[in-house]
Structure formats: structure tokens, C-alpha cells
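Labels below follow one simple rule: chain letters A, B, ... track the order of the sequence lines, proteins then strands, and each chain is numbered from 1.
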2 protein chains.
Amino acid sequence: MRRFNGHDPGLQQLRWRSDAVPVATVRPGELFEVDVPDSSSGQLSLSSDRRALERLDLDRVDAAVGPFAVEGAVPGDAVVVHLEGVDTADWGWSGVFRDFGLLRGRFDDDLVLWRRDGAAMVPVSGPLRPVPIPQRPMVGWLGVAPSSGDLGMIAPQVHGGNLDNRLHAPGASITLPVQRDGALLLVGDVHAAQGDGEVCGTGIEVPARLRLRVELRPRGAPRTVRARSPGLPAASGPYVVTEGVGADPRAAATTAVEEMIRVFGEHGVDEVEAYLLLSLAGDLRLSEVVDEPHWVVSMLFEEALLERTAATPRRPSR
Amino acid sequence: MRRFNGHDPGLQQLRWRSDAVPVATVRPGELFEVDVPDSSSGQLSLSSDRRALERLDLDRVDAAVGPFAVEGAVPGDAVVVHLEGVDTADWGWSGVFRDFGLLRGRFDDDLVLWRRDGAAMVPVSGPLRPVPIPQRPMVGWLGVAPSSGDLGMIAPQVHGGNLDNRLHAPGASITLPVQRDGALLLVGDVHAAQGDGEVCGTGIEVPARLRLRVELRPRGAPRTVRARSPGLPAASGPYVVTEGVGADPRAAATTAVEEMIRVFGEHGVDEVEAYLLLSLAGDLRLSEVVDEPHWVVSMLFEEALLERTAATPRRPSR
């Protein structure tokens, strides 16, 4: 089985280019492994602190590894990426950014570092108390090249990219519409945990080793990304729910998140801790989109995890 | 235990008025029952056909039962409505409306009638083949009166109303911010099943008997609706997923639904059947809301239910 070392900057792409030179050609059906860096592209580590976040080179964020040409792929085909395995590193980070995330402008930059403990990740520094978060790995970045020109790495597209969809978990198969000869698959940005919405802008960002198999479906291009996802991760009820209501989905989502932060506050959990936890383990749902002119956006959070958080003492002050 | 017969038009409200006269006053802690009509307010029955849908008096749709004054409630308080029981009737209906729903303009009006069979509902007439849908009852309409004036019944508000949130299931507790003395609680619009989003505009609309208990939390008004919901209904993976990507959440949701209808088509399921099934058992999630400028909206559908649908023969033509 071939393995590609995506920690090598030579295998990382900082723009999403139609004319990128493939690092390798993979055959449909071939199982191969790709080591991918965390979404800081190796700029952060367990020895980083908040100042490292301020020094972060944003042009190097969300680098993806590849591209891998898929033998025989032409525009109009579909490439199906089977996530046969996702092995995450034993450390990770989460960031709050003043200028990024659903509540941007409300929080200062801050950094949480995590270590793995069994099947969970535990914060070891930063503004979050040491509450264990169950690992539910997923692949954030997964896409084929655009038909022409180049794109930034942050915004996802109908042909994939930085979809940050927690349904893209081990065992999932993601179907992407090929835009140019060879497809030019890029992958990266693994999260050890992330909720629907990723509201603060990060999950638990980790380096990882991916085991991938690519399938080619001639003339099978869907109009937008499709996936087959295994059962959802095992978060279980009861849930605490806050419901944003209004004509503007962004405002409704914001209200749901703000109100859930207030719920956490009533349990003695700080705002920044709540914001981080909602990004890692809270889920945004579109509960209702037809009762004109108002949509209902729900934020769900597992009640038991909220209670475990409230019961976990803060670390001595930093 | 008091029981209120909401099939009596005298107990139904067709506008959401601040100055409505209460039909009764309930005490915090009191358990009481309310019979509520289906959302057509009794205009449809098992003997209805598509023409009945065209004759539907829309001013009588989504009537809610009450209002119930809550003893002692004043503005700034919270009323918590505990859904102690939801017993649904053994029949129901679902509608597709040309001028309502996420894909309005695409389908003609059509009507599906349902009968209960064990723990499932089964279509007995209309454009949907007889595939059983597991019952997952929920209360669609649940709100307190506005502070002044009156509102229509369709659009939900931060003080509740037609939230159509499937998390409002038996065992859930919904917290509403009181806007005027006595709160003036209204309830109605029960669905035997509905997905997140309710994309075609209806669930399986049923008459029901609600067993309710109201709790008063002085000065506890949240800014918007909150809930505590029991574990989510038992839909299980694997899921088929389609992902709308773009800056406009409505367009992204529409793309996700349209593309899932295409997936159903590839399994031999008609477009109108798919649209109905997505409304009853498909879920819209906000997978990603931070990777500017694009959101990712996922439509999820249980793969096994899609396969059961595809394997169920159509009824002889109507």
C-alpha cells in the first residue's frame, strides 16, 4: 500500500488550482494512505500558546494534501472517496478567532490544546476546563479541482473542498463531480470532533493518517456533493435545545447559539467555553423552513455533557 | 383531570391575539388534556380526495386550541410546557401545495391519506406508494400570546407558535417567554412524523389528544424558545446525504432537497413521492456555517427507508 507524507510542504496545496501538478496517480480500487497535517499546516503544536495563534500565517491555513490524479477520470464522471480509516493523532487544538466564526467580533483570539485520553480528547491548556469530549473523527477537507483557474481553501464548493461536514466520518463514502481530467483529489483538515455548524470556526483540529479508496463512476457526476454516511455518532439525549426564529437564517442561527451560551452561563460555564463546546459537540438543525416568512434553527447540546462540563472544576488560573 | 375538546370550533383560534378570551385558567403543576384537531381544523378526513385540498379554506388552517390562561403568569416569566403524552389518531393526511413549501411552484396540489398500522403510518391513497413510516409524534403549534395586537397562525415567533420542530416530542419540555398577563397558551398541529425542515410544508397531520402540565418560572423568560427534548427518534444509519453549498442558505437547502429527489429518482421513486418522504422522514442539517462565504446544508435520509420505498410496489393507478 502506498503512503504519502502530507507533512512534507511539497505535498501541500495552499490554493485550489485547476492546473496543479499531481503528486501521484491513483487507480480506482487502490487502497492508499495519506498523512495529513492539522489545519494550521504544522504551525501549531502542544507547545503553542495564544500568541502562536496571533502569529498564525493565515495563507498557510487549511492546506490540503495532493492533488492525486484519479486514473481515467474525466469531467462528468463522479469520484467516490471511501474513507476506509481515519487515525487521529494524540493531540489537537481548537481556536477562537476574533474575526472568524458565527459570533465573530465577540471574542478575542484564544487557543485550546488537547491530548487524547482513551476514546476522548481532554483540554490541557487554554480557556476550556478539562472536560473530556468523545472522539468522533471526520475529514473536513475533501474535494476535486475546479474546471479552471484557482480558488481559496476556505470556502467549500459543489465539488467539495472545506465542507467541514461531520457526516464525513470513517466508513463514509463521498461522491464528488469531476471538473477536469484526472479529478485532482485533495484531502486534509481532520477533526477529532465537531458539531453540525462548527460555529466557532474550528473543531478539535488534528493531524491524521487517512486510509482511502477511490472509485470512479463514468458519467456519474452529481450536481453537488453526495455522501453515504454510517450511523451518526453516538451523542444521546436528552438534549438541551435553543431555537432561533426569523426570516434571516444567519440571524436565527446566531440567536440559537447566543441563547445556548446563556444556558451554559446559567450552569456556571463561561461564554468562551460554551462557544467552543458548541462548535465541538453542539448541532445546528434546520427544524422548519416552510412556515413563511420564518425559519426555525435549533441548537442541540447533550444535557449530560453540559452537566459534566458544569461539574468539572476549572484549572487554576492561567 | 380536566379535558378540553378542541374539536369544538369555539375552542379554536384562527388568529394569534393578545386580547383573546381564555377558555380556561390552568394552575401550574396541573395535569390536563386537550384534544386538538388536525391542521386542516377538521376540513379533511379519510374520505377526502385531492379536490378537497383545492377547496381547503386556508383561513382555517393551523387553528390552535385555547387559549389557556396560566394562573399567576406575568410578562417576563417563563411558562414551561411539559408534553406528558401525545396520543395520535389512527388516520392522518399529508399535502403537497403548489404555492407552499420549499420547492413551491414545482408540484401540483396533491393529498396523501394515512392509516395507522401498529407503530407506523401507511399511505392508503394519493401519490405515495404504501411504504410504512414509523410514528414519531410531535407537537407543531405551541405558543403564548403576543404582547399586543394579533398575528397569523403560520409564521412561528420567538414566543413560539407554529414552530414545527420535531424535537417537541412526547417527554419534551418547551420553555416560552410570557408576553402578557396569563400567558395565554395555545396548542395544536400534531404530526405523527416529520423531518427536520418539513420541506414540503406538511408532516403526517393528525388529530391528537395531548396530556400537558404547565410550570411557571417567575422572571425566567428566555429571549427565544428553549426546550429539553428526549433522545431523538430512532432513525438509524447509514444515511444517504446530499449537500447544498453556497452563500444563500435557502438556495443551499433547495439544492440539497432537489439533489436528494434526484437520488430517489435513481431508485425509481417519483419526484412527488420523494418530496413527501423528505418532508416526513428526511432531515436538514446546518453542517457548516463559518467557511465564508459558503454554508453547507445537508439533507439526510435513512438508506434502509429509501430501499424499502423503492422495493414497495406502487398501488394500481388512481
Side-chain angles (χ1 to χ4, degrees), chain A residues 100-102 154-158 162-167 171 196-201 222-232 236-246 249-250 253 255-256 258-259 262-263 283-298 300 303, chain B residues 100-102 154-158 162-167 171 196-201 222-232 236-246 249-250 253 255-256 258-259 262-263 283-298 300 303:
Chain A
F100 188 67
L102 190 66
I154 300 295
Q157 309 290 341
V158 292
N162 191 30
L163 294 158
D164 284 330
N165 191 336
R166 74 184 186 92
L167 297 166
D196 285 320
E198 199 192 17
V199 295
C200 91
R223 237 182 10 145
T224 182
V225 182
R226 292 184 183 180
R228 179 179 189 270
S229 182
L232 286 170
S236 59
Y239 295 91
V240 186
V241 185
T242 51
E243 306 178 29
V245 182
R250 175 176 291 276
T255 298
E258 288 176 342
E259 190 67 6
R262 211 163 273 136
V263 171
D283 291 324
L284 281 180
R285 305 267 173 104
L286 284 174
S287 297
E288 179 277 298
V289 300
V290 295
D291 296 325
E292 308 251 323
H294 288 175
W295 283 25
V296 178
V297 177
S298 296
L300 283 76
E303 189 178 64
Chain B
F100 188 67
L102 191 66
I154 301 294
Q157 308 290 343
V158 293
N162 192 30
L163 293 158
D164 283 330
N165 191 335
R166 75 184 185 92
L167 297 167
D196 286 319
E198 197 191 20
V199 295
C200 91
R223 233 176 23 138
T224 183
V225 181
R226 292 185 184 180
R228 178 179 190 270
S229 182
L232 285 171
S236 58
Y239 295 91
V240 186
V241 184
T242 51
E243 305 179 29
V245 182
R250 174 176 292 275
T255 298
E258 287 175 343
E259 190 66 6
R262 211 162 275 136
V263 171
D283 292 324
L284 281 181
R285 306 267 172 104
L286 284 173
S287 296
E288 178 278 299
V289 301
V290 295
D291 295 325
E292 307 253 324
H294 288 175
W295 284 25
V296 177
V297 177
S298 296
L300 283 76
E303 189 178 64

Residue selection (most heavy-atom pairs with chain B, distance under 4.5 Å) from A:L163, A:V240, A:V199: A:L163
Interface moiety of A:A253 toward chain B, non-hydrogen atoms closer than 4.5 Å: side chain
For the student: nearest non-hydrogen atoms of A:P222 and B:E259, plus distance: CB-OE2, 3.4 Å
Option in B:V289, B:T242, B:V158, B:L102 with maximal non-hydrogen atom pairs under 4.5 Å from chain A: B:V289
Reported CG-to-CG distance for the pair A:D196 and B:L284, which is rounded to 0.5 angstrom: 11.5 Å
Contacting region of A:V297 [heavy-atom separation from chain B under 4.5 Å]: side chain
Those residues that, when tested against B:E303, pass side-chain hydrogen bond (donor to acceptor under 3.5 Å, both in side chains) (two or more places apart): A:R228
Smallest separation among heavy atoms of A:V296 and B:P156, with atom names: CG2-CG, 3.7 Å
Part of A:T255 lying under 4.5 Å from any heavy atom of chain B: both
B:E243 vs A:R226, side chain to side chain contact (heavy atoms under 4.5 Å, CB included): CA-CA, chis, key distance, verdict: CA-CA 6 Å; B:E243 305 179 29; A:R226 292 184 183 180; over 6 Å; no
Per-residue contact mode, A:V225 against chain B (heavy atom under 4.5 angstrom): both
Heavy-atom side-chain proximity of B:E288 to A:R166 below 4.5 angstrom: no
Any side-chain donor near an acceptor of the partner, B:S287 and A:D164, under 3.5 Å: no
Stepwise side chain to side chain contact (heavy atoms under 4.5 Å, CB included) test for A:F100 and B:D291: CA-CA 9 Å; A:F100 188 67; B:D291 295 325; 3.8 Å; yes
Euclidean distance, A:N165 CG relative to B:R285 CZ, rounded to 0.5 Å: 9.5 Å
Least distance between heavy atoms, B:V290 atom then A:G197 atom: CG1-O, 4.1 Å
Which residues share a side-chain hydrogen bond (donor to acceptor under 3.5 Å, both in side chains) with B:R250, sequence neighbours left out: none
Best-contacting candidate, B:T224, B:L286, B:V263, B:N162, against chain A by heavy atom pairs under 4.5 angstrom: B:L286
